[in-house]
Amino acid sequence: MSTTASDPLATLGSLPGVPDAVDSVRKAVDRVYGHRVMRRRSNEVTAEAALRGSRGSAALAGADWNLEEVRRRTDFSGDDEARTVGAALRLTAEAGQLLSIWRQSPLRVLARLHLVAAGGAAPDDAVGRPRLAGESVDEPLIETPLPGADEVAGRLEGLSQLIIAGTAAPALVTAAVVHGELLALRPFGSHNGLVARTAERIVLIGSGLDPKSICPAEVGHAEQGRAAYVAAFEGYTTGTPEGVAAWIAHCGRSVELGVRESTAVCEALQRGAA
(Lines give C-alpha, C1' and ligand atoms only; values in the text may rest on other atoms or scores of the structure.)
Protein backbone atom coordinates (compact mmCIF):
# COMPACT_ATOMS: atom_id res chain seq x y z
CA MET A 1 0.00 0.00 0.00
CA SER A 2 1.84 3.08 -1.16
CA THR A 3 0.20 6.48 -1.62
CA THR A 4 0.71 9.90 -0.13
CA ALA A 5 -2.80 11.30 -0.47
CA SER A 6 -4.48 12.70 2.64
CA ASP A 7 -6.98 9.82 2.50
CA PRO A 8 -4.98 7.02 0.88
CA LEU A 9 -7.69 4.42 1.32
CA ALA A 10 -10.17 6.60 -0.53
CA THR A 11 -7.81 6.98 -3.47
CA LEU A 12 -7.72 3.21 -3.83
CA GLY A 13 -11.45 3.24 -4.37
CA SER A 14 -10.94 4.86 -7.76
CA LEU A 15 -8.51 2.26 -9.10
CA PRO A 16 -9.65 0.63 -12.36
CA GLY A 17 -12.27 -2.02 -11.68
CA VAL A 18 -12.67 -1.19 -8.00
CA PRO A 19 -15.83 0.98 -8.32
CA ASP A 20 -17.50 -1.85 -10.21
CA ALA A 21 -16.51 -4.34 -7.51
CA VAL A 22 -17.80 -2.03 -4.79
CA ASP A 23 -21.11 -1.55 -6.61
CA SER A 24 -21.53 -5.27 -7.23
CA VAL A 25 -20.90 -6.07 -3.57
CA ARG A 26 -23.35 -3.42 -2.38
CA LYS A 27 -26.10 -4.74 -4.66
CA ALA A 28 -25.48 -8.32 -3.54
CA VAL A 29 -25.57 -7.36 0.15
CA ASP A 30 -28.74 -5.33 -0.34
CA ARG A 31 -30.44 -8.31 -1.97
CA VAL A 32 -29.78 -10.71 0.87
CA TYR A 33 -30.75 -8.13 3.48
CA GLY A 34 -34.02 -7.71 1.61
CA HIS A 35 -34.85 -11.41 1.81
CA ARG A 36 -38.12 -11.98 3.62
CA VAL A 37 -36.48 -14.44 6.05
CA MET A 38 -34.25 -11.63 7.33
CA ARG A 39 -37.31 -9.89 8.77
CA ARG A 40 -38.08 -12.74 11.13
CA ARG A 41 -35.07 -15.01 11.50
CA SER A 42 -31.99 -12.88 10.99
CA ASN A 43 -30.36 -14.22 14.17
CA GLU A 44 -30.42 -17.72 12.72
CA VAL A 45 -28.86 -16.52 9.49
CA THR A 46 -26.16 -14.69 11.46
CA ALA A 47 -25.36 -17.80 13.49
CA GLU A 48 -25.11 -19.96 10.40
CA ALA A 49 -22.98 -17.39 8.59
CA ALA A 50 -20.61 -17.34 11.56
CA LEU A 51 -20.24 -21.11 11.48
CA ARG A 52 -19.66 -21.20 7.73
CA GLY A 53 -17.27 -18.27 7.84
CA SER A 54 -15.23 -19.96 10.55
CA ARG A 55 -15.06 -23.15 8.50
CA GLY A 56 -13.87 -21.18 5.47
CA SER A 57 -11.16 -19.33 7.36
CA ALA A 58 -9.92 -22.55 8.95
CA ALA A 59 -9.82 -24.21 5.51
CA LEU A 60 -7.47 -21.50 4.25
CA ALA A 61 -5.31 -22.12 7.30
CA GLY A 62 -4.99 -25.80 6.40
CA ALA A 63 -7.92 -27.35 8.30
CA ASP A 64 -10.40 -28.04 5.50
CA TRP A 65 -13.16 -29.79 7.41
CA ASN A 66 -16.64 -30.26 6.06
CA LEU A 67 -19.33 -28.09 7.59
CA GLU A 68 -21.10 -30.90 9.41
CA GLU A 69 -17.90 -31.94 11.15
CA VAL A 70 -17.41 -28.39 12.39
CA ARG A 71 -21.03 -28.29 13.51
CA ARG A 72 -20.81 -31.65 15.27
CA ARG A 73 -17.54 -31.27 17.16
CA THR A 74 -17.37 -29.91 20.68
CA ASP A 75 -13.70 -30.61 21.46
CA PHE A 76 -11.13 -28.70 19.44
CA SER A 77 -8.11 -29.41 21.60
CA GLY A 78 -6.79 -32.44 19.72
CA ASP A 79 -4.49 -32.21 16.72
CA ASP A 80 -3.31 -29.12 14.84
CA GLU A 81 -6.30 -29.09 12.50
CA ALA A 82 -8.77 -29.27 15.38
CA ARG A 83 -7.01 -26.42 17.15
CA THR A 84 -7.11 -24.35 13.96
CA VAL A 85 -10.85 -24.87 13.59
CA GLY A 86 -11.32 -24.03 17.26
CA ALA A 87 -9.31 -20.84 16.84
CA ALA A 88 -11.42 -19.80 13.84
CA LEU A 89 -14.65 -20.39 15.77
CA ARG A 90 -13.40 -18.41 18.77
CA LEU A 91 -12.32 -15.51 16.57
CA THR A 92 -15.68 -15.31 14.82
CA ALA A 93 -17.46 -15.28 18.16
CA GLU A 94 -15.13 -12.57 19.45
CA ALA A 95 -15.39 -10.28 16.42
CA GLY A 96 -18.78 -8.88 17.32
CA GLN A 97 -17.58 -7.98 20.81
CA LEU A 98 -14.79 -5.75 19.51
CA LEU A 99 -16.63 -3.43 17.16
CA SER A 100 -16.80 -0.53 19.59
CA ILE A 101 -13.06 -0.71 20.24
CA TRP A 102 -11.88 -1.09 16.65
CA ARG A 103 -12.15 2.53 15.53
CA GLN A 104 -10.53 3.87 18.69
CA SER A 105 -7.80 1.26 19.19
CA PRO A 106 -7.34 -1.19 16.32
CA LEU A 107 -3.99 -2.38 17.69
CA ARG A 108 -5.68 -3.35 20.93
CA VAL A 109 -8.24 -5.33 18.95
CA LEU A 110 -5.53 -7.12 16.96
CA ALA A 111 -3.75 -8.03 20.18
CA ARG A 112 -6.98 -9.42 21.57
CA LEU A 113 -7.66 -11.40 18.40
CA HIS A 114 -4.26 -13.03 18.57
CA LEU A 115 -4.78 -13.87 22.23
CA VAL A 116 -8.11 -15.49 21.40
CA ALA A 117 -6.70 -17.37 18.41
CA ALA A 118 -3.66 -18.68 20.29
CA GLY A 119 -5.81 -19.99 23.11
CA GLY A 120 -2.79 -20.89 25.20
CA ALA A 121 -1.02 -22.64 22.32
CA ALA A 122 1.87 -20.17 22.15
CA PRO A 123 4.38 -19.05 24.80
CA ASP A 124 2.68 -16.52 27.07
CA ASP A 125 5.14 -13.73 26.35
CA ALA A 126 4.59 -14.05 22.60
CA VAL A 127 0.79 -13.90 22.67
CA GLY A 128 -1.01 -10.69 21.88
CA ARG A 129 1.97 -8.62 20.83
CA PRO A 130 3.81 -8.01 17.56
CA ARG A 131 6.80 -10.24 17.07
CA LEU A 132 10.26 -9.04 18.01
CA ALA A 133 13.41 -9.11 15.89
CA GLY A 134 14.57 -12.67 15.33
CA GLU A 135 11.26 -14.31 16.25
CA SER A 136 9.90 -16.80 13.74
CA VAL A 137 6.45 -16.90 12.17
CA ASP A 138 4.35 -20.00 11.58
CA GLU A 139 2.20 -19.14 8.54
CA PRO A 140 2.72 -21.86 5.91
CA LEU A 141 0.24 -20.56 3.32
CA ILE A 142 1.94 -17.18 2.87
CA GLU A 143 5.48 -17.26 1.53
CA THR A 144 6.15 -13.64 0.60
CA PRO A 145 9.22 -12.06 2.23
CA LEU A 146 8.70 -11.44 5.92
CA PRO A 147 9.10 -7.79 6.97
CA GLY A 148 11.41 -7.07 9.88
CA ALA A 149 10.07 -6.18 13.30
CA ASP A 150 10.75 -2.46 12.90
CA GLU A 151 8.87 -2.34 9.62
CA VAL A 152 6.01 -4.28 11.15
CA ALA A 153 5.73 -1.81 14.01
CA GLY A 154 5.79 1.19 11.70
CA ARG A 155 3.25 -0.16 9.24
CA LEU A 156 0.91 -1.33 11.99
CA GLU A 157 0.99 2.13 13.50
CA GLY A 158 0.30 3.66 10.09
CA LEU A 159 -2.64 1.33 9.50
CA SER A 160 -3.95 2.09 12.97
CA GLN A 161 -3.81 5.83 12.36
CA LEU A 162 -5.68 5.48 9.07
CA ILE A 163 -8.49 3.60 10.81
CA ILE A 164 -8.67 6.02 13.73
CA ALA A 165 -8.68 9.05 11.45
CA GLY A 166 -11.51 7.60 9.38
CA THR A 167 -11.79 7.37 5.63
CA ALA A 168 -14.21 8.03 2.82
CA ALA A 169 -13.19 4.75 1.22
CA PRO A 170 -15.90 2.14 0.64
CA ALA A 171 -16.05 -0.58 3.27
CA LEU A 172 -14.84 -3.19 0.78
CA VAL A 173 -11.66 -1.21 0.09
CA THR A 174 -10.89 -0.67 3.77
CA ALA A 175 -11.57 -4.31 4.62
CA ALA A 176 -9.39 -5.56 1.78
CA VAL A 177 -6.49 -3.30 2.75
CA VAL A 178 -6.68 -4.27 6.43
CA HIS A 179 -6.75 -7.93 5.43
CA GLY A 180 -3.89 -7.53 2.94
CA GLU A 181 -1.67 -5.51 5.25
CA LEU A 182 -2.00 -7.99 8.09
CA LEU A 183 -1.18 -10.89 5.78
CA ALA A 184 1.80 -9.00 4.40
CA LEU A 185 3.13 -8.07 7.83
CA ARG A 186 2.31 -11.30 9.68
CA PRO A 187 2.81 -9.33 12.90
CA PHE A 188 2.31 -12.28 15.24
CA GLY A 189 4.18 -15.51 15.60
CA SER A 190 1.14 -17.55 14.59
CA HIS A 191 -2.49 -17.38 13.41
CA ASN A 192 -1.92 -14.31 11.24
CA GLY A 193 -4.22 -15.47 8.45
CA LEU A 194 -7.05 -16.19 10.86
CA VAL A 195 -6.56 -12.80 12.52
CA ALA A 196 -6.41 -10.98 9.17
CA ARG A 197 -9.65 -12.52 7.96
CA THR A 198 -11.36 -11.73 11.26
CA ALA A 199 -10.20 -8.12 11.00
CA GLU A 200 -11.72 -8.00 7.51
CA ARG A 201 -14.99 -9.24 9.02
CA ILE A 202 -14.86 -6.56 11.73
CA VAL A 203 -14.44 -3.81 9.12
CA LEU A 204 -17.34 -5.10 7.02
CA ILE A 205 -19.62 -5.26 10.06
CA GLY A 206 -18.52 -2.03 11.70
CA SER A 207 -18.72 -0.03 8.48
CA GLY A 208 -22.41 -0.73 8.17
CA LEU A 209 -22.05 -2.72 4.98
CA ASP A 210 -22.90 -5.98 6.78
CA PRO A 211 -24.15 -4.96 10.25
CA LYS A 212 -25.77 -8.31 10.99
CA SER A 213 -22.68 -10.25 9.87
CA ILE A 214 -24.49 -12.41 7.35
CA CYS A 215 -22.07 -12.04 4.41
CA PRO A 216 -19.06 -14.18 5.39
CA ALA A 217 -16.19 -13.25 3.08
CA GLU A 218 -14.24 -16.17 4.53
CA VAL A 219 -16.62 -18.52 2.72
CA GLY A 220 -15.81 -16.85 -0.57
CA HIS A 221 -12.07 -16.80 0.03
CA ALA A 222 -12.16 -20.54 0.68
CA GLU A 223 -14.48 -21.26 -2.25
CA GLN A 224 -12.17 -19.49 -4.68
CA GLY A 225 -9.37 -21.70 -3.40
CA ARG A 226 -6.05 -21.31 -1.66
CA ALA A 227 -4.13 -20.83 -4.91
CA ALA A 228 -6.37 -17.95 -6.03
CA TYR A 229 -6.20 -16.42 -2.56
CA VAL A 230 -2.41 -16.48 -2.54
CA ALA A 231 -2.15 -15.20 -6.12
CA ALA A 232 -4.45 -12.25 -5.40
CA PHE A 233 -2.58 -11.47 -2.19
CA GLU A 234 0.78 -11.55 -3.95
CA GLY A 235 -0.64 -9.03 -6.41
CA TYR A 236 -1.46 -6.79 -3.47
CA THR A 237 2.08 -7.02 -2.13
CA THR A 238 3.48 -5.65 -5.39
CA GLY A 239 1.91 -2.30 -4.51
CA THR A 240 1.01 -1.70 -8.15
CA PRO A 241 -2.42 -0.25 -8.96
CA GLU A 242 -3.25 -3.40 -10.91
CA GLY A 243 -2.18 -5.71 -8.10
CA VAL A 244 -4.01 -3.80 -5.38
CA ALA A 245 -7.15 -3.50 -7.52
CA ALA A 246 -7.09 -7.24 -8.23
CA TRP A 247 -6.85 -8.00 -4.51
CA ILE A 248 -9.77 -5.69 -3.73
CA ALA A 249 -11.81 -7.32 -6.49
CA HIS A 250 -10.91 -10.76 -5.12
CA CYS A 251 -12.14 -9.70 -1.68
CA GLY A 252 -15.29 -8.31 -3.28
CA ARG A 253 -15.98 -11.58 -5.03
CA SER A 254 -15.45 -13.35 -1.71
CA VAL A 255 -18.13 -11.20 -0.08
CA GLU A 256 -20.49 -11.94 -2.96
CA LEU A 257 -19.92 -15.67 -2.55
CA GLY A 258 -20.60 -15.25 1.17
CA VAL A 259 -23.85 -13.52 0.22
CA ARG A 260 -24.72 -16.44 -2.02
CA GLU A 261 -24.11 -18.84 0.87
CA SER A 262 -26.37 -16.89 3.21
CA THR A 263 -29.03 -16.52 0.53
CA ALA A 264 -29.10 -20.32 0.33
CA VAL A 265 -29.48 -20.43 4.11
CA CYS A 266 -32.40 -18.01 3.87
CA GLU A 267 -34.03 -20.16 1.22
CA ALA A 268 -33.57 -23.28 3.33
CA LEU A 269 -35.08 -21.56 6.36
CA GLN A 270 -38.00 -20.40 4.24
CA ARG A 271 -38.62 -23.98 3.12
CA GLY A 272 -38.32 -25.21 6.69
CA ALA A 273 -35.27 -27.27 5.77
CA ALA A 274 -32.84 -25.61 8.18
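Quick caveat, the model's predicted, so the values are computed rather than measured.
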A.B. asks: Among all residues two or more places apart in sequence or in another chain, which pass the side-chain hydrogen bond (donor to acceptor under 3.5 Å, both in side chains) test with Thr238?
C.D. replies: Thr240
A.B. asks: Between the side chains of Lys27 and Asp30, is the shortest nitrogen-to-carboxylate-oxygen separation below 4.0 Å, so that they form an ion pair?
C.D. replies: no
A.B. asks: Considering residues at least two apart in sequence or located in another chain, which fulfil the salt bridge (charged side-chain N to carboxylate O under 4.0 Å, His left out) criterion with Glu81?
C.D. replies: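 Checked Glu81 against salt bridge (charged side-chain N to carboxylate O under 4.0 Å, His left out); zero matches.
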A.B. asks: Does Glu135 pair with Arg129 as a salt bridge, N-O distance under 4.0 Å?
C.D. replies: yes
A.B. asks: Take Val45 and Val32 through the side chain to side chain contact (heavy atoms under 4.5 Å, CB included) test and state the conclusion after the steps.
C.D. replies: CA-CA 10 Å; Val45 181; Val32 72; 5.8 Å; no
A.B. asks: Please determine whether residues Tyr33 and Val259 belong to a single hydrophobic cluster, defined as Ile, Leu, Val, Met, Phe, Trp and Tyr linked transitively by side-chain heavy-atom distances below 4.5 Å.
C.D. replies: yes
A.B. asks: Sort and list the pairs that fulfil side-chain hydrogen bond (donor to acceptor under 3.5 Å, both in side chains) and have at least one residue in residues 157-170, not counting sequence neighbours.
C.D. replies: Asp7-Thr167, Glu157-Gln161
A.B. asks: What distance do Ser262 atom OG and Lys212 atom NZ have between them, rounded to the nearest 0.5 Å?
C.D. replies: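 It is 13.0 Å, given to the nearest 0.5 Å.
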A.B. asks: Enumerate, atom names and distances included, each donor-acceptor pair closer than 3.5 Å involving a side-chain atom of residues 200-209, sequence neighbours excluded.
C.D. replies:
unit_1, atom_1, unit_2, atom_2, d
Glu200, OE1, His179, ND1, 3.3
Glu200, OE1, His221, NE2, 3.1
Glu200, OE2, His179, ND1, 3.4
Glu200, OE2, His221, NE2, 3.4
Arg201, NE, Glu218, OE2, 2.8
Arg201, NH1, Ser213, OG, 2.5
Arg201, NH2, Glu218, OE1, 3.2
Arg201, NH2, Glu218, OE2, 3.3
Ser207, OG, Val203, O, 3.0
Ser207, OG, Leu204, O, 3.0
Ser207, OG, Leu209, N, 3.2

A.B. asks: Does a side-chain N-to-carboxylate-O contact under 4.0 Å join Arg90 and Glu94?
C.D. replies: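 No, no charged N to carboxylate O under 4.0 Å.
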A.B. asks: Drop me the distance from Cys266's SG to Arg36's CZ, to the nearest 0.5 angstrom.
C.D. replies: 11.5 Å
A.B. asks: Check Arg260 with Glu256, please: is the shortest side-chain N to carboxylate O separation under 4.0 Å?
C.D. replies: no
A.B. asks: Among pairs that include at least one residue of residues 136-160, which meet ring pair (Phe, Tyr, Trp, His ring centres under 6.0 Å), considering only residues two or more places apart or in two chains?
C.D. replies: none
A.B. asks: Is a salt bridge present between Arg71 and Glu48, judged by a nitrogen-to-oxygen distance below 4.0 Å?
C.D. replies: yes
A.B. asks: Considering only residues two or more places apart or on different chains, which pairs with a residue in residues 65-100 satisfy ring pair (Phe, Tyr, Trp, His ring centres under 6.0 Å)?
C.D. replies: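 Listed once each, the pairs would be none.
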A.B. asks: Could you see if Val230 belongs to whatever hydrophobic cluster contains Ile248? Use Ile, Leu, Val, Met, Phe, Trp, Tyr and a side-chain cutoff under 4.5 Å.
C.D. replies: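 As far as the 4.5 Å side-chain criterion goes, Ile248 and Val230 are connected within one cluster.
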A.B. asks: Consider only side-chain N and O atoms of Thr237 and Thr144, and report whether a donor and an acceptor are under 3.5 Å apart.
C.D. replies: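 Result is no, nothing qualifies.
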A.B. asks: Specify the closest pair of heavy atoms between Thr198 and Ala95, including all atoms of both residues, with the distance to one decimal.
C.D. replies: CG2-CB, 3.9 Å
A.B. asks: Given side chains that start at C-beta, do those of Leu110 and Leu107 come closer than 4.5 Å, heavy atoms only?
C.D. replies: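 Answer yes - side chains close enough.
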A.B. asks: For the residue pair Trp247 and Phe233, does the interplanar ring angle fall in the parallel (under 30°), tilted (30 to 60°) or perpendicular (over 60°) class?
C.D. replies: perpendicular
A.B. asks: State whether Arg52 and Glu261 are salt-bridged, where the test is any N-O pair (Lys NZ or Arg NE/NH1/NH2 against Asp/Glu carboxylate O) under 4.0 Å.
C.D. replies: yes
A.B. asks: Is Arg131 close to Val137 at the side-chain level, that is, under 4.5 Å between some pair of heavy atoms?
C.D. replies: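 In contact.
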A.B. asks: Can you see which heavy atom on Pro147 is nearest to which on Arg186, and at what distance?
C.D. replies: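 For Pro147 versus Arg186, the nearest heavy atoms are CD-NH2, 4.1 Å.
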A.B. asks: In the structure I gave you, are the side-chain heavy atoms of Glu69 and Arg55 within less than 4.5 Å of one another anywhere?
C.D. replies: no
